[in-house]
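This is a predicted model, so every value here is computed, not measured. Lettering of chains follows the sequences in order, A, B, ..., and the numbering in each one begins at 1.
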There are 2 protein chains.
Amino acid sequence: MSEETTELRKAGLKVTHPRLQILRLLEQTDQKHMTADQIYRALNDQGEDIGLATVYRVLSQFESAQLVRKHMFDDGSGRPAQACYELDEGEHHDHMVCMETGEVIEFFDEAIERRQEEIAHKHGYEIVDHSLVMYVRPRKSNG
Amino acid sequence: MSEETTELRKAGLKVTHPRLQILRLLEQTDQKHMTADQIYRALNDQGEDIGLATVYRVLSQFESAQLVRKHMFDDGSGRPAQACYELDEGEHHDHMVCMETGEVIEFFDEAIERRQEEIAHKHGYEIVDHSLVMYVRPRKSNG
DNA sequence: TTATCTGCAAATAATTTGCATTACT
DNA sequence: AGTAATGCAAATTATTTGCAGATAA
């Protein structure tokens, strides 16, 4: 029995073919962040016959089960916003999106995290979740 | 000639009734952040006959003209994401969204801003734009 | 005047849902 | 076997667009 099978069981999800394929794809792809449509195409390209609706349904179940994390990168460039998904590996991190290549870089900064807590606290709140996205471009070597 | 008229002229936009109304509403409302639909309703409720398509068109022109800023608060609660708009007063700030009341609190933190620059720099990038949203809930007094 | 703007209705795009069928356990 | 999951197509939602008529400069 595969490792993914166990993961699905632990999440309380019945082990079906589409769920296994989607989970495996997300684990194996070099592109950590994928949209529902990219996942749909990737699977169909490798011969799987899985519907787009199923991809959306499974991703949202995975999200509830904390197997996956959903992001809305609004690249500011006016394009229609599309959700993208990545495996939830437990440790939180923030994102940098390169506006030229579309590349997504992950980072984590203790100082920023702590500061956020302090700010929420000061205003009488506690943080439930947060999202920090920096839209960046490669830096000119001379500058 | 009203102040808003001047603002529109400066932005290179023809001064039309819908544009004036939308700009004034955003300046006068106590609710700094409004969705296109909220703006549409608010104006129609006060007797203006302005189409929703026009509201969208004007908002996107305002955004290009830097009169307005657009946000996608994905409150994590699974509701469909809707853009919301606020007047662009020049100085940048980040947001806290209360998950219980929907209230939007603005804040600015020099330390976080600086840290972001450093991180982007360290990775070989420069920041074009960024978005930090904290989803929060009122803090229990005892805790 | 005359190009630009507006309102309406129809078009898109991303995502969701209804339902008959299929697949886990 | 029996319930839950899937695929397809139709429905929704937010937003955009085409076009004929209205309007600002």
Side-chain angles (χ1 to χ4, degrees), chain A residues 1-2 4-23 33-41 43-44 47-65 67-68 70-85, chain B residues 1-2 4-23 33-41 43-44 47-65 67-68 70-85:
Chain A
M1 169 200 313
S2 76
E4 292 83 24
T5 299
T6 316
E7 277 192 86
L8 289 174
R9 292 247 168 84
K10 247 192 306 189
L13 294 168
K14 195 184 281 193
V15 180
T16 67
H17 186 70
R19 301 217 256 238
L20 269 176
Q21 293 308 311
I22 293 172
L23 186 51
H33 302 78
M34 300 183 81
T35 65
D37 196 65
Q38 286 172 329
I39 292 170
Y40 168 71
R41 282 166 206 258
L43 291 178
N44 285 339
E48 303 294 336
D49 192 25
I50 294 174
L52 180 56
T54 299
V55 173
Y56 274 109
R57 261 182 304 223
V58 169
L59 285 172
S60 108
Q61 293 153 355
F62 281 8
E63 197 195 356
S64 309
L67 286 175
V68 134
K70 179 184 183 181
H71 301 286
M72 295 290 278
F73 294 146
D74 161 33
D75 57 13
S77 67
R79 278 169 268 186
Q82 236 182 299
C84 76
Y85 300 83
Chain B
M1 169 200 317
S2 75
E4 292 82 26
T5 300
T6 316
E7 277 191 87
L8 288 175
R9 291 247 168 84
K10 247 192 305 190
L13 293 168
K14 195 184 280 193
V15 180
T16 67
H17 186 69
R19 303 220 255 237
L20 270 176
Q21 293 307 312
I22 293 172
L23 186 52
H33 303 77
M34 300 182 82
T35 65
D37 194 66
Q38 285 174 329
I39 291 170
Y40 167 71
R41 281 166 206 258
L43 291 177
N44 284 333
E48 302 295 336
D49 192 24
I50 294 173
L52 180 55
T54 299
V55 173
Y56 274 108
R57 262 181 304 225
V58 169
L59 285 172
S60 106
Q61 293 153 354
F62 281 9
E63 196 194 357
S64 310
L67 286 174
V68 133
K70 179 184 183 179
H71 301 286
M72 295 291 277
F73 294 144
D74 160 32
D75 56 15
S77 67
R79 279 169 266 184
Q82 238 183 297
C84 77
Y85 301 82

d([atom1], [X]; [atom2], [N]) in whole Å:
{"X": "A/Met72", "N": "D/dT15", "atom1": "CE", "atom2": "P", "result": "10 Å"}
{"X": "B/Glu63", "N": "D/dT15", "atom1": "CD", "atom2": "C1'", "result": "13 Å"}
{"X": "A/Gln21", "N": "C/dC24", "atom1": "CD", "atom2": "P", "result": "11 Å"}
{"X": "B/Leu59", "N": "D/dA14", "atom1": "CG", "atom2": "P", "result": "15 Å"}
{"X": "B/Glu48", "N": "D/dT23", "atom1": "CD", "atom2": "P", "result": "13 Å"}
{"X": "A/Gln38", "N": "C/dA13", "atom1": "CD", "atom2": "P", "result": "17 Å"}
{"X": "B/Lys70", "N": "D/dT16", "atom1": "NZ", "atom2": "C1'", "result": "11 Å"}
{"X": "B/Leu43", "N": "C/dT6", "atom1": "CG", "atom2": "C1'", "result": "14 Å"}

Sugar-phosphate or base contact per nucleotide [nucleotides 4-9 of chain D; S, B, -; heavy atom under 4.0 Å]: SSSBBB

Any side-chain heavy-atom pair of A/Arg19 and A/Val15 under 4.5 Å: no

Considering only heavy atoms from C-beta outward, does the side chain of A/Leu8 approach that of A/Phe62 to under 4.5 Å? yes

Tell me which of B/Asp37 and B/Val15 sits closer to the 5' end of DNA chain D, going by the nucleotide each one is nearest to.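 Between the two, 5'-proximity favours B/Asp37.
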
Gap between atom CG of B/Asp37 and atom CG of B/Leu52 - 0.5 Å precision: 6.0 Å

Separation between CG of B/Leu59 and CE of B/Met34, rounded to the nearest 0.5 Å: 10.0 Å

Salt bridge (Lys or Arg N to Asp or Glu O under 4.0 Å) partners of residues 7-18 of chain A, not counting sequence neighbours, each pair once: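 As it turns out, there is no salt bridge (Lys or Arg N to Asp or Glu O under 4.0 Å) pair with a partner in residues 7-18 of chain A once direct neighbours are skipped.
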
Do the side-chain N or O atoms of B/Tyr56 get closer than 4.0 angstrom to the phosphate oxygens (OP1, OP2) of D/dT15? yes

Which atom of A/Met72 lies closest to which atom of A/Gln82, heavy atoms considered: SD-C, 4.3 Å

